[in-house]
There are 2 protein chains.
Amino acid sequence: MAGINIKQLAEALNLSTSTISRAFRNNSGIKQVTKDLILAKAKELNYQPNHYASSLRDQKSKTIAIIVPELANNYFSQAIHGIEKVAKGHGYNILIYATEDDFEKEVDVITHLHNGRAEGIIISVSGEAVNHNYLHEFGAKRLPMVQFDRVYEDIDTPKIITDDYESSFKATEHLIDKGCKRIAFLVVQNDLSIGKVRERGYVDALKKHGIAVDESLVINCSNSYEENDPIIKHALQNLHIDGIFASVERLAFATYYACYDLNINIPLDLKIISFSSLEIAPLLNPSLTTVTQPAVEIGSLAAKLLFDILNGKGEQKEAKNKVVLASKIIYRTSTN
Amino acid sequence: MAGINIKQLAEALNLSTSTISRAFRNNSGIKQVTKDLILAKAKELNYQPNHYASSLRDQKSKTIAIIVPELANNYFSQAIHGIEKVAKGHGYNILIYATEDDFEKEVDVITHLHNGRAEGIIISVSGEAVNHNYLHEFGAKRLPMVQFDRVYEDIDTPKIITDDYESSFKATEHLIDKGCKRIAFLVVQNDLSIGKVRERGYVDALKKHGIAVDESLVINCSNSYEENDPIIKHALQNLHIDGIFASVERLAFATYYACYDLNINIPLDLKIISFSSLEIAPLLNPSLTTVTQPAVEIGSLAAKLLFDILNGKGEQKEAKNKVVLASKIIYRTSTN
DNA sequence: TTGTATGCGTTATCAT
DNA sequence: ATGATAACGCATACAA
């Protein structure tokens with residue numbers, strides 16, 4: 001541990017520890033001169049109130065936790081960036097955890113956080129979970145939480161999501177408008193709410209336009225390129241697909257690679273649209289038509305809602321228990 | 001704060017707090033039966049040792065901090081991912097901070113961390129700094145630190161960097177091999193060590209091949225696309241450039257956009273090579289030749305070195321005070 | 001305005 | 001094997 005403690009600083013100044021403490025807390029009850037003196041000496045001796053002692057005493061940690069499935073991911077990086085900005089503004093620190101889509105890790109982390117380490121949690125859930133009642137076991141002591149993007153619908157916390165149904169509907173419709181007849185939907189199996197909702201948008205758009213829904217065109221993928229590559233190639237070669245709607249960025253990339261390998265021309269032979277936060281989508285070959293979620297904004301909004309709760313403003317949760325932000329479809333060459 | 005405390009659990013079991021504590025620490029000095037009993041009850045009542053009390057008592061926080069210039073960045077996301085994996089393995093938590101290239105924020109964060117919050121720091125420095133002697137002011141109490149990528153050469157900590165000089169030399173040479181005569185070097189001003197070293201590699205390669213070094217071809221950019229766009233366009237239109245070596249990914253992207261706008265054909269009119277951690281570089285139009293640093297590995301190695309220090313294994317720092325990892329040049333169409 | 005004393009929850013030391 | 005107690009560093013209630 002670093003630095004000197006309050007007692008040593010008090011001695012150095014011939015003051016009591018309470019006076020020192022006051023210099024760092026209340027502006028009340030302390031003479032400005034004394035305060036200046038203390039702060040000056042503190043700086044000189046490199047004193048800082050010990051965070052753990054303060055937290056223990058105050059029962060608060062000035063820390064929030066972010067839990068996401070993965071870190072090396074455009075969408076989550078941007079969301080974290082948004083959260084970080086807001087947290088910094090509130091003088092809060094951020095603990096970060098990656099679950100790697102592993103439900104057990106998620107449970108571990110959340111449980112662990114209930115030891116006082118964090119005051120609140122911002123989470124995008126692992127998605128593998130079937131039963132997440134463990135959250136209820138914390139009872140009234142459960143940490144304030146805000147969910148975003150991948151959420152547990154039945155867990156009552158504020159949620160920030162995007163208009164995935166509408167976006168997916170429009171995305172699919174866009175492909176139909178462009179003449180696609182056999183549109184595949186690429187999804188990662190364990191995506192809970194997200195995957196389901198996006199699939200509904202896809203299905204409903206097909207129905208609206210009188211296109212028969214073919215179950216085999218809903219293609220389950222994983223997060224591993226090695227696993228996805230053969231799956232996608234098989235689909236491209238055997239299912240007479242002329243359009244692809246990827247529910248997740250990495251599946252669009254895998255499709256691009258597959259098309260390169262198979263000499264399939266995008267957009268002539270196959271049109272692609274994908275959910276994606278990639279900022280350089282215009283630089284792809286061909287440029288990728290995307291459904292782009294406002295990732296940074298989602299992050300900062302999630303943080304704001306969490307701080308509303310922490311500051312007691314959020315008791316009337318009902319009002320904004322679920323915030324739906326709009327994604328933007330950006331039309332580019334891959335669907336031209 | 002959540003949960004019950006050790007005292008309540010002790011009462012519930014008619015045991016002393018010391019016994020409870022033992023159940024969670026030493027396996028020594030406690031009967032297995034008692035221990036099982038305690039752990040069971042703890043689970044039932046949702047007890048967890050309070051992290052702040054433990055930390056205060058033990059003077060250690062099981063936490064390390066990561067400080068990076070930005071979060072929404074491929075390279076840093078991957079590095080953080082690498083760090084996270086290792087930290088998790090050691091049972092450590094991660095605090096994360098973005099300096100946004102602001103030296104003051106860096107000083108603030110580092111100073112703040114010396115209040116006991118973290119046991120060590122992994123940092124890629126802001127780069128704006130001229131004088132970073134503030135690090136010396138912490139004296140012997142300075143937190144263990146490991147630097148990576150952007151480092152302060154004069155601060156004595158382990159450093160993980162890549163072979164930037166050699167890579168830059170080779171990158172430039174590659175452009176020369178491909179017939180480029182007027183090669184520009186794009187750099188972000190405030191990149192300290194990084195930018196300088198990469199520039200040296202560029203200059204030396206030119207010299208070796210008897211190409212006159214033209215100062216005006218070293219082009220200072222910023223991190224803002226809006227600022228860079230006109231700078232790059234001006235260069236492309238007026239400096240008769242036929243090759244570009246971008247020291248940072250985003251400058252290559254800006255160049256791509258500029259070329260699209262100006263109808264400059266890559267690689268016919270202009271060849272581009274860039275430092276980049278972009279995994280989908282092959283999907284760009286045209287696919288981008290990159291100098292790719294092993295970002296994830298850099299992160300995990302940095303974490304390992306930090307834990308070596310924390311565990312006292314790292315006292316013989318000299319040995320591996322500076323680790324240089326190799327980057328890989330991957331040849332693609334942009335320099336074909 | 002400043003000082004004294006107590007407790008936040010835990011764990012290590014020293015008993016028993 | 002278990003229990004009593006002191007101490008980690010700080011901030012507040014209360015006293016002066």
Side-chain angles (χ1 to χ4, degrees), chain A residues 1-39 41-42 45-63 91 112-119 141, chain B residues 1-39 41-42 45-63 91 112-119 141:
Chain A
M1 224 80 155
I4 64 171
N5 63 25
I6 198 172
K7 213 167 142 190
Q8 293 170 281
L9 181 58
E11 276 167 17
L13 285 163
N14 259 320
L15 287 169
S16 74
T17 60
S18 28
T19 307
I20 306 295
S21 180
R22 273 187 277 260
F24 285 87
R25 309 289 144 191
N26 331 332
N27 287 6
S28 71
I30 183 167
K31 205 158 49 176
Q32 188 61 41
V33 198
T34 320
K35 184 170 175 178
D36 293 345
L37 200 69
I38 293 173
L39 294 180
K41 196 75 177 178
L45 299 184
N46 236 300
Y47 167 77
Q48 276 192 87
N50 179 286
H51 175 73
Y52 288 97
S54 301
S55 292
L56 178 57
R57 173 63 225 236
D58 291 351
Q59 308 286 13
K60 53 159 67 178
S61 57
K62 283 275 183 186
T63 304
H112 166 76
L113 289 173
H114 281 78
N115 68 358
R117 227 171 189 315
E119 291 180 37
K141 304 158 202 152
Chain B
M1 226 78 156
I4 64 170
N5 63 23
I6 199 172
K7 214 167 143 191
Q8 294 169 280
L9 181 58
E11 275 166 18
L13 286 163
N14 259 318
L15 287 169
S16 74
T17 60
S18 357
T19 307
I20 306 295
S21 181
R22 271 188 278 262
F24 285 88
R25 307 292 143 191
N26 330 333
N27 286 7
S28 73
I30 183 166
K31 208 162 39 179
Q32 189 61 42
V33 199
T34 321
K35 184 170 175 178
D36 293 345
L37 200 71
I38 292 174
L39 294 181
K41 195 75 177 178
L45 299 183
N46 237 299
Y47 167 76
Q48 275 193 88
N50 179 286
H51 175 73
Y52 288 96
S54 301
S55 292
L56 177 58
R57 175 63 225 232
D58 293 350
Q59 307 287 9
K60 53 160 65 175
S61 57
K62 284 274 184 185
T63 304
H112 166 77
L113 288 172
H114 281 77
N115 68 358
R117 225 168 190 313
E119 291 180 38
K141 304 159 204 152

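A note on names: the letters A, B, ... follow the listed sequences, proteins ahead of strands, and every chain is numbered from 1. Basis for what follows: all heavy atoms, side chains included, without hydrogens, waters or symmetry-related copies.
Looking at the side chain of A/A53, the nearest of the listed nucleotides C/dT10, D/dT2, D/dC10 is D/dC10. For A/Q59, taking side-chain heavy atoms from C-beta onward, the closest of the listed nucleotides C/dA12, C/dT2, C/dG9 is C/dG9. Comparing atom distances between the A/R25 side chain and each of D/dT5, D/dT12, C/dG9 picks out D/dT12 as nearest. Nearest to the side-chain atoms of B/S18 among the listed nucleotides C/dT10, D/dA11, D/dT5 stands D/dT5. For A/P49, the side-chain atoms get nearest to D/dC10 when compared with the rest of C/dT10, D/dC10, D/dC8. Side chain of A/N50, nearest nucleotide from D/dT2, D/dC10, C/dT2: D/dC10.
For the pair A/S54/A/Q48, no side-chain contact is recorded, criterion being any heavy-atom separation below 4.5 Å from C-beta on. Two residues are said to be in side-chain contact when any heavy atoms from C-beta on lie closer than 4.5 Å; A/I30 and A/I38 meet this criterion. For the pair A/F24/A/L39, a side-chain contact is recorded, criterion being any heavy-atom separation below 4.5 Å from C-beta on. Side-chain contact between A/N5 and A/N50 is absent, with no heavy atoms from C-beta onward closer than 4.5 Å.
Across all strands shown, B/I20 has no heavy atoms under 4.0 Å from either base or sugar-phosphate atoms. Residue A/R57 is classed as a base contact, given a heavy-atom separation below 4.0 Å to a base. Across all strands, A/S54 comes closer than 4.0 Å only to sugar-phosphate atoms, never to a base (heavy-atom distances). Counting any heavy atom pair closer than 4.0 Å across all strands shown, B/R22 reaches a base atom.
A donor-acceptor contact under 3.5 angstrom links the side chains of B/R117 and A/T63, judged on distance only. Looking at B/S18 and B/S21, their side chains never bring a donor and an acceptor atom within 3.5 Å of each other.
Applying the 4.0 Å criterion to OP1 and OP2 of C/dG9, one finds that B/N5 has a side-chain N or O inside that range. Applying the 4.0 Å criterion to OP1 and OP2 of D/dG9, one finds that A/Q48 has every side-chain N and O outside that range. Taking only side-chain nitrogens and oxygens, B/T34 comes nearer than 4.0 Å to OP1 or OP2 of D/dT2. Put simply, A/Y52 has no side-chain N or O that comes within less than 4.0 Å of OP1 or OP2 on D/dA11. Dashed line: the shortest gap from a side-chain N or O of A/T19 to OP1 or OP2 of C/dG3 is under 4.0 Å.
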Problem set entry | Verdict with reasoning, A/K141 to B/I4, per side chain to side chain contact (heavy atoms under 4.5 Å, CB included) | CA-CA 9 Å; A/K141 304 158 202 152; B/I4 64 170; 4.1 Å; yes

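When rounded to the nearest whole Å, the span between NZ of B/K60 and P of D/dG9 equals 15 Å. The separation between A/R117 atom CZ and C/dG9 atom C1' is 15 Å, rounded to whole Å. Per the geometry, NZ belonging to A/K35 stands 12 Å off P belonging to C/dT2, to the nearest Å. Rounded to whole Å, atom P of C/dG3 lies 9 Å from atom CD1 of A/I30. For the pair B/N14 CG and D/dG3 P, the computed distance is 9 Å after rounding to whole Å. At whole-Å resolution of the value, CZ in A/F24 and C1' in D/dG9 are 13 Å apart. The nearest whole Å value for the distance from the CG atom in B/L37 to the P atom in D/dT2 is 10 Å. In this entry the distance linking NE2 of B/H114 with C1' of D/dG9 reads 18 Å, nearest Å.
Of all non-hydrogen atoms in A/A12 and A/L45, the two that sit nearest each other are CB-CD1, 4.0 Å.
Taking a 4.0 Å limit (strictly below) on heavy-atom distances, residues 6-13 of chain A reaches DNA chain D at A/I6.
A/D58 places no side-chain N or O within 3.5 Å of a backbone atom of A/K60 that could act as its donor or acceptor partner.
The 5' end of DNA chain D is approached more closely, in terms of each residue's nearest nucleotide, by B/S16 than by the other of B/D58 and B/S16.
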